[in-house]
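What follows is one structure encoded as structure tokens, with my remarks underneath.
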Number of protein chains: 2
Amino acid sequence: VTGFDVPDGLVYLDGNSLGALPEGVAERLQDVVRREWGQGLIRSWNDARWMELSRRVAGRIAPLIGVQPGDVHLGDSTSVSLFKTTVAAARLRPDRRVLVVEPSTFPTDGYITAGVAELMGLELRWCDPADPLAAVDDDVALLSLTHVDFRTGAMFDMAVITAEAQARGALMQWDLCHSTGAVPVDLTGVGADLAVGCTYKYLNGGPGAPAFLWVAPEHQAAARQPITGWMGHATPFAMTRDYHPAGGIGAFASGTPPVLALSALEAALEAFDGVSLTELRKRSLELTDLFISLVDERLPGVFEIATPRQHDRRGSQISLGHPAAYGVVQALIARDVIGDFREPDIARFGFAPLYNTLDDVRTAVERLELVMANEEYADPAYSSRNAVT
Amino acid sequence: VTGFDVPDGLVYLDGNSLGALPEGVAERLQDVVRREWGQGLIRSWNDARWMELSRRVAGRIAPLIGVQPGDVHLGDSTSVSLFKTTVAAARLRPDRRVLVVEPSTFPTDGYITAGVAELMGLELRWCDPADPLAAVDDDVALLSLTHVDFRTGAMFDMAVITAEAQARGALMQWDLCHSTGAVPVDLTGVGADLAVGCTYKYLNGGPGAPAFLWVAPEHQAAARQPITGWMGHATPFAMTRDYHPAGGIGAFASGTPPVLALSALEAALEAFDGVSLTELRKRSLELTDLFISLVDERLPGVFEIATPRQHDRRGSQISLGHPAAYGVVQALIARDVIGDFREPDIARFGFAPLYNTLDDVRTAVERLELVMANEEYADPAYSSRNAVT
């Protein structure tokens, strides 16, 4: 495992919001800026292989989600990527008029689905996260769920839900923002139809790094995304008048690829070289198991543990419910333990198995005890709220 | 004027495809990566003011296009930005069913407009670039033109076309990719409705830098773009179920802002500090005038000069038509003069008034003479084509 530049003395449990800086990224960006851009200039599209960069990075993400390298595209934000896949899904099921999404998912998923529904004259239907399939009838074109919930860390059973949604004739889309890089995902194995995911959380691509999207090979010929930009054209440099989509996942590209961000991400993904996803998951569960058991032991009854204790329902974070959760998080930050707050009452701790240690967990809970014992969370300075994912 | 890191001995006339590296950008990116991301981690959304970054950079672009800082958004590619503004325009004119675009424009403009037309059940109509207004009747919702043509360098009269399109009830959208930073633009003065533009050409933001978009203040309350992601929400961190757009141009945001790319762009834009657009335009015309006069004098009748000689119809590039244009460009590159080739027969030379000099022009034409005199363009190595914008 490549190292990470985490500040000395800091316990960083927010890698599920912004991953830490992997070693090698800063050097790579310097080289891209000074040599490839500064010296190579326009020639670098060929000489530094910028034209292939997006596909190359996609190839590094593919094994983390159980798909073939040539079936992943990346380059836009998660929101834009979701827009593309959601429109494509609706078009693959033109006889069905309903898009289903959870009300408690990360909000952009609901917002984007609502936007697509309005644009295409479809119906947006909210499902019960405890039983999303109950909303899937034969009017449903797409069930779109987040694999691991951003707030609670609860994880859906991808295989069971995918199979049942498809049995009802719907397509199944998974948002992998809070799982890729921390939880093994096998999109091919479960037979999913579409997926999107973020690269600045457990993939450590840096703030605002581009998202990825995946469309199952069997849908690619028929799938049509709406943002038909020149980079998704079969022959972009022929610069012809009419749009003819590239074959395969290439048709999901739109604009010029973000070379600086993609280069940073490519370097960051080297941290996964030689890492077994099974080992990574084992480490993640050790971290979250220890955190739960220490909270149970040292702070019994103080928090509601919102994350499932059952391994196969748990992502790589632990969420603690408490009426003063905002103050708790702020007081911990003052003690160099960084987690984050989520509305309405969640103190959230992400465990990045690539770089978090069991000692991080012990230190975090020790300081949490102090915060609670001294009522540090009640500091009036924490009365106004300010949070970032 | 801040300096640029252009390699010694190179005559770079392709800043209309990828701008040169401004001094200070590499240092800024190092600081963003190592200190803001590596050390600050998630805290930098507030402490390093990443949340304001997009608006701050927008504020630096605004004076270059004659608009107020708070009316510009940036963060997506040009293609995605065009998709948003084009859908918004169509929605502002729900009683009109036609979108008009030129067939010879940069292809993504036509491709995106076609994609929007298909998605919304509208008609795409191609206009004659020599008389775009002839296509604008009372069915037309939007006339979308590129201010300076990527291939020929011909420039439309924004004021006249905007006024007449609006007189016919259409909205007017300008693609400023090939003008911003080299040609003064006054969107407010001409009363345009919408605009988009690129930042990696004359704005020198780096390969794949995010595009900007602008919507006239009087349309912002009613304008609705379709990619309703969380960053365009009135209160993104409340993480509520339903989408409520932010006020003003903020509703055109979708996903998490690309912090690395925006930071590079912010540093790059310092090159415009204290630069008068009038002086910049004067310099640009000196460069292109000299190039034309030297080609006329030294290479009479060899090329068709595809760019208008008339100042008020000329952008900041000169395009030379020649049957062997591809070989001409390649042979010049072998002589350290970088221009580019555009289908079918154009050798294109961009003059970036921030860093190109009259000596660059003289050297370029001297070497062009050699390339033609020695028939270097006929080298069999140049028989296969490969071009990048």
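All values below were derived from every heavy atom in this structure, side-chain atoms included, with hydrogens, water molecules and symmetry-related copies excluded. Naming: A, B, ... by sequence-line order, numbering from 1 per chain.
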May I ask you to name which of [options] has the most heavy-atom pairs under 4.5 Å with chain B?
options	result
A/Glu36, A/Gln39, A/Lys84	A/Gln39
A/Gly19, A/Gly40, A/Ser263, A/Ser81	A/Gly19
A/Arg34, A/Arg241, A/Gln225, A/Glu27	A/Arg241
A/Cys198, A/Gly115, A/Pro236, A/Pro226	A/Pro226
A/Gly110, A/Gly206, A/Ala261	A/Gly206
A/Gly208, A/Pro258, A/Pro207	A/Pro207

Per-residue contact mode, [X] against chain A (heavy atom under 4.5 angstrom):
X	result
B/Leu262	neither
B/Ser104	neither
B/Thr78	neither
B/Val32	neither

(request) Give a yes or no on whether the backbone of B/Asp14 and the side-chain of B/Arg348 come within a donor-acceptor separation of less than 3.5 Å. (result)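 Side chain of B/Arg348 to backbone of B/Asp14: no pair is present.
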Under 4.5 Å from a heavy atom of chain B, the part of [X] involved:
X	answer
A/Leu82	neither
A/Pro103	both
A/Ile227	both
A/Ala264	side chain

Would you mind telling me which of [options] has the largest number of heavy-atom pairs within less than 4.5 Å of chain A?
options	value
B/Thr240, B/Val25, B/Val101, B/Val6	B/Thr240
B/Ile112, B/Leu260, B/Val116	B/Ile112
B/Ser77, B/Pro7, B/Pro257, B/Ala209	B/Pro7
B/Pro210, B/Pro107, B/Ala238, B/Gly232	B/Pro107
B/Leu29, B/Val80, B/Asp76	B/Val80

Tell me if the aromatic rings of A/Trp230 and A/Phe237 count as close, with their centers under 6.0 Å from one another.
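Yes, close enough.
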State yes or no: are the ring centers of B/His233 and A/Tyr111 separated by less than 6.0 Å?
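Between A/Tyr111 and B/His233, which both carry aromatic rings, the centre distance is below 6.0 Å.
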Working to the nearest 0.5 angstrom, can you tell me the gap between [X] [atom1] and [Y] [atom2]?
X	Y	atom1	atom2	answer
B/Leu122	B/Leu99	CG	CG	5.0 Å
A/Asp175	A/Thr85	CG	OG1	9.0 Å
A/Phe150	A/Asp109	CZ	CG	9.5 Å
A/Ile338	B/Arg43	CD1	CZ	3.5 Å
A/Thr228	B/Glu118	OG1	CD	8.0 Å

> What residue pairs, at least two apart or across chains, pass side chain to side chain donor-acceptor pair (under 3.5 Å) with a residue in residues 3-12 of chain B?
Replying inline: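 Counting only pairs at least two positions apart or across chains, no side chain to side chain donor-acceptor pair (under 3.5 Å) contact touches residues 3-12 of chain B.
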- prompt: Is there a donor in the side chain of B/Thr152 and an acceptor in the side chain of B/Ser319, or the other way round, less than 3.5 Å apart?
  reply: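 There is no such pair (donor and acceptor under 3.5 Å, judged by atom type) between the side chains of B/Thr152 and B/Ser319.
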ask   = Does the side chain of A/Thr108 pick up a donor-acceptor pair with the side chain of A/Ser79 at under 3.5 Å?
value =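 Yes, side-chain donor-acceptor contact under 3.5 Å.
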- Determine which pairs satisfy salt bridge (Lys or Arg N to Asp or Glu O under 4.0 Å) with at least one residue from residues 256-267 of chain B, sequence neighbours left out, and list them in order.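 Applying salt bridge (Lys or Arg N to Asp or Glu O under 4.0 Å) to every pair that reaches into residues 256-267 of chain B, excluding sequence neighbours, yields B/Arg28-B/Glu266, B/Arg56-B/Glu266.
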